[in-house]
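Single-structure report; data block below.
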Amino acid sequence: MFTDDEYDYVIAGGGTAGCVLANRLSADPAVRVLLLEAGRSDRNPLIHVPAGFAKLTAGPYEWGWRSQPQRHCNDRVIPLAQGKVIGGGGSINAQVFTRGAHEDYDEWDKKYGCTGWSFNDILRYFLRSEDNDRLSAPWHGNGGPLGVSDPVNPHPLSKAFVRAGQEFGLPYNGDFNGESQYGVGLYQNTTRGSRRCSAAVGYLHPAKKRPNLTAKPGHLIARVILDGKRAVGIETTTGKSRHRYRARREVIVSAGTIGSPKILQLSGIGDPADLREAGVDVRHALPGVGKNLHDHCDLDIIYELNTYQSMDRFARPRPATVAAGIEYAAFRKGPLASTVVEGGAFSYGNREEATPDLQFHFLPAAGVEAGIAGVRPGYGCTLNSYFVRPRSRGTVRIASADPAQPPLIDPNYLADDYDLEMSMEGVRQSREIMAQPSMARHVKAEHLAGGQALKSKDDHIRFVRGHGRTSYHHVGTCAMGDADSSVVSPDLTVHGLDGLRVVDASVMPRIVSSNTQAPTVMIAEKASDLILGNT
Ligand SMILES: Cc1cc2nc3c(=O)[nH]c(=O)nc-3n(C[C@H](O)[C@H](O)[C@H](O)COP(=O)(O)OP(=O)(O)OC[C@H]3O[C@@H](n4cnc5c(N)ncnc54)[C@H](O)[C@@H]3O)c2cc1C
C-alpha cells in the first residue's frame with residue numbers, strides 16, 4: 001500500500017504551525033519527521049526583506065483563493081490571500097506581532113470547553129516561542145526561536161499617527177502584548193536583525209540539517225489515509241503520480257484554516273451532507289468540519305498627503321528605490337527594513353466590553369496590498385480598522401473529490417448586524433483619529449473607495465458592505481472544544497479517530513482579538529508538548 005518511506009510523524013502543511021511542529025518533534029533524534037507542503041521553498045529574498053510584504057499578497061506564494069459571492073457585501077467575490085510556501089502565511093504576512101487579549105483564552109477554556117487553554121495555561125508557550133529584543137518578563141520571552149523586534153526606523157507619519165491617537169483620547173501603549181492591548185503605539189514585528197522571522201526562519205531552517213527531519217515542498221496533499229478509524233498516512237499528488245507516506249505514530253494536519261478542513265473532507269471526514277454533495281464517501285461523520293469559519297472584516301481608508309513623503313514611492317524601480325536597496329543591504333536600515341504596517345491601536349467600539357473590540361493598522365503608504373487603492377506614489381497613507389470579535393460565521397466545503405480544485409469558501413462577512421455596527425464604528429473612529437492635529441496637518445484629502453461621501457448612517461452601511469475585505473485572519477473551521485460542533489478535543493486529536501490531530505489556526509474556537517500568527521505559533525508549541533507527552 002505504501003510506496004514511499006515511513007516516518008513517525010507526518011505533518012500535512014508546512015506553514016506557521018507546521019514549521020513549529022517540525023522543529024519540536026524532530027528534536028528527538030530517534031524520531032523521524034516528514035513535513036509536506038504544497039508551495040515552494042521560501043528562498044526568494046522578497047520574502048525576507050520586511051517591506052517585501054507589499055509584493056506578496058498576490059502572486060506565486062499564495063493560493064489565490066476567492067470567496068463565494070458575499071451575500072451581505074453586495075454579492076462581491078472577495079480575494080482571500082493565504083500563504084502557499086514554506087512558512088505559509090508567516091512568509092507573506094505583515095509581520096505584526098500581537099497575541100490578543102488574555103480574556104480570549106480564558107473564554108476558550110470556560111465557554112468552549114478547551115480545558116488547559118486559559119491564558120495562565122498558555123502564557124508559557126508564548127514565552128517559550130519568543131525572542132524579544134526589547135521586552136522581557138513577565139509578559140515576554142527571550143531566546144526563543146521567533147524573533148520579535150521594534151520597527152528599526154519608524155516613518156515620521158507613523159509617529160504622527162501615534163500622536164494623533166493620543167489626541168483622539170487613547171492612552172499611549174508601549175506593549176500591546178502586556179497587561180492590556182488598549183491604546184495606541186507602534187507594533188512590534190516578527191523580525192530579527194531587520195529580516196522577516198517566520199516560523200520557517202525561526203523554527204524550520206535551524207532544524208533542517210537534522211537527519212531525522214525531511215521537508216518536501218511542492219507536494220499537494222490529497223488525503224489522510226485511514227485504516228478503519230485510525231489515520232496511518234498521507235497521500236500526496238503531483239498531478240501525474242501519487243505518493244503515500246506512512247505515519248507510524250501520528251498524522252498531524254497543519255494546512256491552515258482553509259486547507260485543513262479541505263484535507264479532512266477529501267479524506268471522508270466531515271459533514272455527511274457536504275461529503276455526499278462533493279462525491280466523497282463518508283469515512284467518519286464529523287459535522288463541524290469546515291463550519292465556524294470567521295475572519296476580521298477589514299475597512300481601509302486612504303489619505304492623500306500634501307507633501308511627497310510616503311513609503312509607496314519605493315514601490316516601483318527608480319533611483320530612490322535603488323538607494324533604499326543599497327542602504328538596506330549595507331546597514332539593514334531604511335525604508336526596506338520597515339514592515340510598512342507600523343502604527344497600531346486598540347480601542348472600544350462598545351464601552352461595555354471588558355477588553356478593546358476595535359483594532360487599527362496605520363500604513364505610511366497607500367495601495368500596499370493587492371486590490372487596495374493607492375494615490376500618486378509618495379502621497380498616500382492608509383488607516384484600516386476591524387471589529388476584533390466578529391459574530392458572523394461561514395463555511396469551507398470541497399467542491400469535488402479532486403484535491404486540485406479550490407474549495408468553496410464562504411466567510412459570510414457581516415451576516416450579523418452587530419458586526420456591521422461595530423465595523424461602522426471602526427470607520428468613524430478611524431476618520432476621527434485622522435482628523436486630529438498631528439495627522440490633519442499632513443492630509444490633503446480623504447479617498448474613500450468608490451469615491452463616496454460618508455455622512456449619514458446609510459452612507460456608512462453602503463461603505464462597509466461595499467468595501468469590507470479579508471484581514472487574512474481566517475480561523476475556526478476545525479474548532480477545538482467539547483460541543484457537538486467541535487472537531488478536535490483540547491489535546492487537538494480529531495474526535496472519534498486515532499492517530500490524527502489538527503494543529504493550526506483552524507482549531508481556534510473563536511478568533512483572538514488581534515492578528516493571528518503569534519497565537520498559531522503558541523498553539524503549535526503547546527501541541528508539540530501534547531504530542532510528546534511533555535505536559
Ligand atoms: C497576507 C497576510 C497577512 C497577514 N498578516 C498578519 C500579521 O501581520 N500578523 C499576524 O499575526 N498574522 C498575519 N496573518 C495571519 C497569519 O499569517 C496566519 O494566521 C498564520 O500564518 C496561520 O498559520 P497556519 O499554520 O494556521 O496556516 P498557514 O501559515 O497558512 O500554513 C498552512 C500551510 O499549509 C499548506 N497547505 C494547505 N493545503 C495544503 C495541501 N492540500 N497540501 C499541501 N500543503 C497545503 C499551505 O500552503 C500553507 O503553507 C496574515 C496572513 C496573510 C495571508
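Order of listing sets the numbers, starting from 1, for every ligand and every atom in it.
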Pairs of nitrogen or oxygen atoms closer than 3.5 Å, one from Gln517 and one from ligand 1: do any exist?
yes

Report, in ascending order of atom number, the atoms of ligand 1 lying under 4.0 Å from any heavy atom of [X].
X      : result
Thr516 : 10 (C), 11 (O), 12 (N), 15 (C), 16 (C), 18 (C), 19 (O)
Gly89  : 17 (O), 21 (O), 28 (P), 29 (O), 30 (O)
Ala81  : 53 (C)
Thr520 : 22 (C), 23 (O), 24 (P), 25 (O), 26 (O)
Leu220 : 40 (C), 41 (N), 42 (N)

I'd like the name of whichever of [options] reaches closest to [atom] through any heavy atom.
atom                    : options                : answer
atom 27 (O) of ligand 1 : Ala404, Gly256, Pro403 : Gly256
atom 37 (C) of ligand 1 : Gly100, Ala94, Ala255  : Ala255
atom 46 (C) of ligand 1 : Gly39, Gly83, Ser260   : Gly83

For ligand 1, is there an atom lying under 4.0 Å from some heavy atom of [X]?
X      : answer
His474 : no
Phe97  : no
Gly18  : no
Thr257 : no

